[in-house]
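In the text below, chain A, chain B and the rest are named by the order of the sequence lines, each starting its count at 1.
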Amino acid sequence: MNSISEILKSEFIGKDVTIRGWVYRSRSMGKKAFVVIRDSTGIIQAVAERSNMPEEEFTLAEGITAESSVEVTGTVAEDKRAPGERELRLKSFKVFCRNESFPVTKDKGEEFLLDIRHLWLRSREFTSILKIRSTVFRSFADYFYGQNYYQVQAPMMVSTATEGGSTLFKVPFFGEEVNLTQSSQFYLETMIFSLEKVFTIAPSFRAEKSRTRRHLTEYWHAEGEAAWFGNEEMMQEEEKMISHIIKEVIKDNSEDLERLGRDLNKLKTYTFPFPRMKYSDVIKLGRSLGLDVNYGDDLGADEERTITMQFSKPTFITDFPATLKSFYHRPNPENPETVLCHDLLAPEGYGEIIGGGERIWELDVLQRRLRESGLREDDYYWYVDLRRYGSIPHSGFGLGLDRLVMWICGLESIRDAIPFPRTIRRMKP
RNA sequence: GCCGCCGUAGCUCAGUAGGUAGAGCACCCGGCUGUUAACCGGGCGGUCGUCGGUUCAAAUCCGACCAGCGGCGCCA
């Protein structure tokens, strides 16, 4: 048994091989039938000729339908007429499952593809996306292992909110109610006191009724937290991590990127260091572009898109006003109206993929910020305790992995970056 | 939560002076010795999203509902 990518190598020319896979396309013409077969590694055209094989097997080959599963044996040949100039001259054609009719044809609409996502996953486009996604997840973890981080796990069922409380999913819990996690950050913070540097990859859930191409209700959140790190050191870690992921994808998935129509030359320029811009300067830039934005405004989607179209690289935005960020961000000692934080905005209009910053580590400051945010200290007793016992400066970040995949692949919708998207209106398949 | 849009064959769509539906693809049958999303001929295939209203008559006009898509706000 051989894989298709393997037998496409020149040393296989003239050799007999057996492959298993699925029918990508088939065309029959009387005494010959052309069956293009795919497996997870590639595709190859197989040629069935009546005179070369048992009559009943030729009949099977001639009448085979799209996406049927088959096992074939034949001789690898070089032929200019074949797509890719390699083909398999068949001696045997066996069928595991012959399909009546496969729902995916050349005409397909967006909604239909979401309804039959379980079958659309087999398409070459989606196969490429999933391969790239796999590289992104692997290289994210590899980067942090390489920097001596430990991978940790936090609970998905939690009692407290990390971000705004209104976007929590409530689930029944033995007669009470708990929430699905929005972020593992607070739990990661508990673990830096023993492990110092930690990361996690986990789903996060947001009950926001978002109807945009960049939101999912269930998404994959990659988060890191590092003891002793300031905001700037965290940004340096992140820009190296993003550069590493892009480099790995280019190395392992260049064919997949090309199939998706992604401009590789553009991706190759996304290497660290990434530019930094203060929030106040982003507002100035926005105003110079004719946008109606003022200091203290959060950037709207249109504004963010207009501004990031100016960027030639992913760019960190720092020094946001404290009013725009969650309570745990550490005020800048030099300008307490702002916090030591950063968002990383991807270029090409893709926008925010990372949010992070330095965490408040002084007990009294955290208690004051909780009060100012209208939160009860009792609900966050364990988070506050961390500031009571051996507290230290530290920073962290959260990365939207699906958004990263979307940007790297150049996709129009985040739903195509994940196999089974969960949105406000879609729970199936 | 707010605004906009769509729903006709398995899929992509066409279908107005209101007269109960059609094409291409898929699938089936036949033809073809090199196809490249093959081609040629034939065939199968529809409670026109649901419910109600107007009308002699509704895919078509009106209303409600259901389902989904897009944009904003919010965020990763």
Side-chain angles (χ1 to χ4, degrees), chain A residues 24-36 43 45-52 62-68 77 79-85 87 89 98-116 119-120 123-124 162-164 166-167 182-185 201-223 297-305 324-326 343-346 350-356 397-407 412-415 417-418 423-428:
Chain A
Y24 182 63
R25 298 202 197 298
S26 68
R27 300 175 276 268
S28 93
M29 7 187 342
K31 291 182 180 154
K32 282 187 180 176
F34 299 90
V35 182
V36 183
I43 68 172
Q45 169 169 285
V47 186
E49 199 158 356
R50 195 182 289 275
S51 55
N52 259 3
E62 183 182 50
I64 202 65
T65 48
E67 290 301 320
S68 295
D79 195 312
K80 285 220 161 57
R81 297 169 297 186
E85 306 196 350
E87 63 183 21
R89 307 252 163 90
R98 183 185 186 281
N99 303 334
E100 264 312 303
S101 161
F102 195 69
V104 185
T105 62
K106 65 171 183 175
D107 295 311
K108 61 235 178 203
E110 200 176 335
E111 289 181 44
F112 178 65
L113 291 183
L114 284 164
D115 288 338
I116 50 128
L119 301 174
W120 175 238
S123 69
R124 298 197 85 201
T162 315
E163 310 294 337
S166 63
T167 66
Q182 302 167 308
S183 162
S184 301
Q185 178 194 322
I201 297 177
S204 278
F205 305 87
R206 301 277 166 102
E208 297 155 354
K209 294 188 173 171
S210 300
R211 296 207 47 79
T212 81
R213 60 180 68 184
R214 38 190 274 108
H215 286 84
L216 295 168
T217 56
E218 176 186 296
Y219 69 97
W220 283 83
H221 211 167
E223 296 176 276
D297 293 346
D298 217 344
L299 288 181
D302 290 340
E303 287 87 29
E304 189 183 273
R305 198 168 301 122
L324 295 182
K325 291 288 175 184
S326 299
D343 285 358
L344 182 67
L345 305 189
Y350 280 91
E352 184 173 356
I353 53 172
I354 289 179
F397 71 91
L399 160 68
L401 283 167
D402 316 281
R403 284 189 180 174
L404 180 61
V405 172
M406 176 188 178
W407 168 50
E412 286 191 2
S413 170
I414 196 166
R415 288 175 313 190
I418 184 168
T423 66
I424 173 172
R425 291 256 170 85
R426 193 166 280 279
M427 279 294 295
K428 293 190 278 190

- Query: CD of A:Glu62 versus P of B:rU33: gap in Å, rounded?
  - Reply: 12 Å
- Message: Expected output check: what is the dot-bracket annotation of RNA chain B, where ( ) and [ ] are pairs inside the strand (brackets for crossing ones), | is paired with another strand, and pairs are Watson-Crick or G-U under 3.5 Å?
- Response: (((((.(..((((.....[..)))).(((((.......))))).....(((((..]....)))))).)))))....
- Query: NA contact type, A:Arg98, heavy-atom cut-off 4.0 Å: base, sugar-phosphate, or nothing?
  - Reply: sugar-phosphate
- Task: Whole angstrom is fine here: how far is it from CZ in A:Arg25 over to P in B:rA26?
- Result: 10 Å
- Message: Taking the side chain as everything from C-beta on, heavy atoms only, tell me whether A:Phe34 gets closer than 4.5 Å to A:Met29.
- Response: yes
- Message: Is there, by distance only and without an angle test, a donor paired with an acceptor across the side chain of A:Ser210 and the base of B:rC75 below 3.5 Å?
- Response: no
- Message: Go nucleotide by nucleotide along RNA chain B from the 5' end; which of A:Ile424 and A:Arg305 gets its closest nucleotide reached first?
- Response: A:Ile424
- Query: Does A:Arg425 have a side-chain nitrogen or oxygen under 4.0 Å from the phosphate oxygens OP1 or OP2 of B:rC6?
  - Reply: no
- Task: Please measure how far the P atom in B:rC11 lies from the corresponding atom in B:rC74, and state the result in whole Å.
- Result: 38 Å
- Could you tell me whether A:Gly300 contacts a base, only the sugar-phosphate backbone, or nothing, with contacts defined as non-hydrogen atoms closer than 4.0 Å? sugar-phosphate
- Task: Report the nucleotide, chosen from B:rA76, B:rG34, B:rA26, that has the shortest atom-to-atom distance to any side-chain atom of A:Thr105.
- Result: B:rA26
- Item | Rounded distance (Å) that lies between atom P of B:rA76 and atom CG of A:Asp402 | 14 Å
- Note on the structure: note: A:Asp343, atom CG; B:rC75, atom C1'; distance rounded to Å ~ 10 Å
- Query: What distance, rounded to whole Å, do you find between the two C1' atoms, one in B:rC29 and one in B:rC65?
  - Reply: 45 Å
- Task: Using the C1' atom as the reference point in each nucleotide, state the distance between B:rG46 and B:rU54 in Å, no decimals.
- Result: 26 Å
- Query: B:rA76 base stacked by A:Tyr219? Criteria: ring centres under 5.5 Å, plane angle under 30°.
  - Reply: yes
- Grab the CE-C1' distance between A:Met427 and B:rG68 for me, whole Å please. 16 Å
- Contact class for A:Phe112 vs. all strands (heavy atom < 4.0 Å): base, sugar-phosphate, or nothing? sugar-phosphate
- To the nearest 0.5 Å, what is the distance between CE (A:Met406) and CD (A:Glu412)? 8.5 Å
- Task: Evaluate the side chain to side chain donor-acceptor pair (under 3.5 Å) criterion for residues A:Arg206 and A:Tyr219: first the C-alpha distance (whole Å), next the side-chain angles of each, then the deciding distance (0.1 Å), finally the verdict.
- Result: CA-CA 8 Å; A:Arg206 301 277 166 102; A:Tyr219 69 97; 3.1 Å; yes
- B:rA17 and B:rA58: how far apart are their C1' atoms, nearest whole angstrom? 15 Å
- Query: B:rU55 and B:rC62: how far apart are their C1' atoms, nearest whole angstrom?
  - Reply: 12 Å
- Query: Heavy atoms under 4.0 Å, any strand shown: does A:Ala82 hit a base, just sugar-phosphate, or nothing?
  - Reply: base
- Considering only heavy atoms and no angle criterion, is a donor-acceptor pair shorter than 3.5 Å present between the side chain of A:Glu110 and the base of B:rG70? no
- Whole-Å distance between B:rC74 P and A:Glu303 CD? 9 Å
- Testing B:rU33, B:rG70, B:rC27 for proximity to the side chain of A:Lys31, the answer is B:rU33
- Message: One pair to check against side-chain contact (heavy atoms from CB on, under 4.5 Å): A:Glu67 and A:Val104. What are the steps and the verdict?
- Response: CA-CA 9 Å; A:Glu67 290 301 320; A:Val104 185; over 6 Å; no
- Message: Taking any heavy-atom pair under 4.0 Å as a contact, classify A:Ile353: base, sugar-phosphate, or nothing.
- Response: sugar-phosphate
- Message: Considering every strand and a 4.0 Å limit on heavy-atom distances, what is the contact class for A:Asp302: base, sugar-phosphate, or nothing?
- Response: sugar-phosphate
- Task: Could you pull out the closest heavy-atom pair between A:Asp115 and A:Arg426, with the gap in Å?
- Result: OD1-NH1, 2.9 Å
- Which of the following nucleotides, B:rC72, B:rU35, B:rC27, is nearest to the side chain of A:Ser101? B:rC27
- Task: Taking only the side-chain nitrogens and oxygens of A:Arg124, find out if one of them lies under 4.0 Å from OP1 or OP2 of B:rA37.
- Result: no
- Closer to the 5' end of RNA chain B via nearest nucleotide, is it A:Glu100 or A:Pro103? A:Pro103
- Task: Mind checking A:Ser28 for me? I need base, sugar-phosphate or nothing, with any heavy atom below 4.0 Å counting as a touch.
- Result: base
- Message: Under 4.0 Å from OP1 or OP2 of B:rU35: is there any side-chain N or O of A:Arg81 that close?
- Response: no
- Task: For the pair A:Ser26 (side chain) and A:Val35 (backbone), establish whether a donor and an acceptor sit closer than 3.5 Å, ignoring hydrogens and angles.
- Result: no
- Message: As an exercise, state the distance from CD1 of A:Ile414 to OG1 of A:Thr423, rounded to the nearest 0.5 Å.
- Response: 11.0 Å
- Item | Out of B:rC27, B:rC69, B:rU33, whichever nucleotide has its closest atom nearest the side chain of A:Lys32 | B:rU33
- Is any side-chain heavy atom of A:Glu223 less than 4.5 Å from a side-chain heavy atom of A:Ser183? yes
- Message: Treating A:Arg214 as the side-chain partner and A:Tyr350 as the backbone partner, does any N or O pair qualify as donor plus acceptor under 3.5 Å?
- Response: yes
- So what does A:Glu87 touch, heavy atoms closer than 4.0 Å: a base, only the sugar-phosphate, or nothing? base
- Query: Between B:rA76, B:rG34, B:rG68, which one does the side chain of A:Arg426 approach most closely?
  - Reply: B:rG68
- Message: Determine whether a donor-acceptor pair (N or O, by modelled atom type, separation under 3.5 Å) exists between the side chain of A:Asp402 and the backbone of A:Ala417.
- Response: no
- Query: Which nucleotide in the list B:rA76, B:rU35, B:rC2 gets nearest to the side chain of A:Arg211?
  - Reply: B:rC2
- Note on the structure: Rounded to whole Å, the CG-P distance (A:Leu401 to B:rC75) equals 20 Å
- Message: Please pick, from B:rC74, B:rG73, B:rC69, the nucleotide with the shortest atom-to-atom distance to any side-chain atom of A:Glu208.
- Response: B:rC74
- Under 4.0 angstrom, heavy atoms only, what part of the nucleic acid is A:Gln45 near: base, sugar-phosphate, or nothing? base
- P atom, B:rG19 versus B:rG34: distance in rounded Å? 49 Å
- Query: Between B:rC69 atom P and A:His215 atom NE2, what is the distance in whole Å?
  - Reply: 16 Å
- Message: Considering every strand and a 4.0 Å limit on heavy-atom distances, what is the contact class for A:Leu114: base, sugar-phosphate, or nothing?
- Response: sugar-phosphate
- Message: When you measure only distances, ignoring hydrogens and angles, does the side chain of A:Arg214 come within 3.5 Å of the base of B:rC74 through a donor and an acceptor?
- Response: no
- Message: Among B:rG73, B:rA76, B:rC74, which nucleotide has an atom closest to any side-chain atom of A:Asp298?
- Response: B:rC74
- Atom pair CZ (A:Arg89) and CG (A:Asp79), whose distance is rounded to the nearest 0.5 Å: 5.0 Å
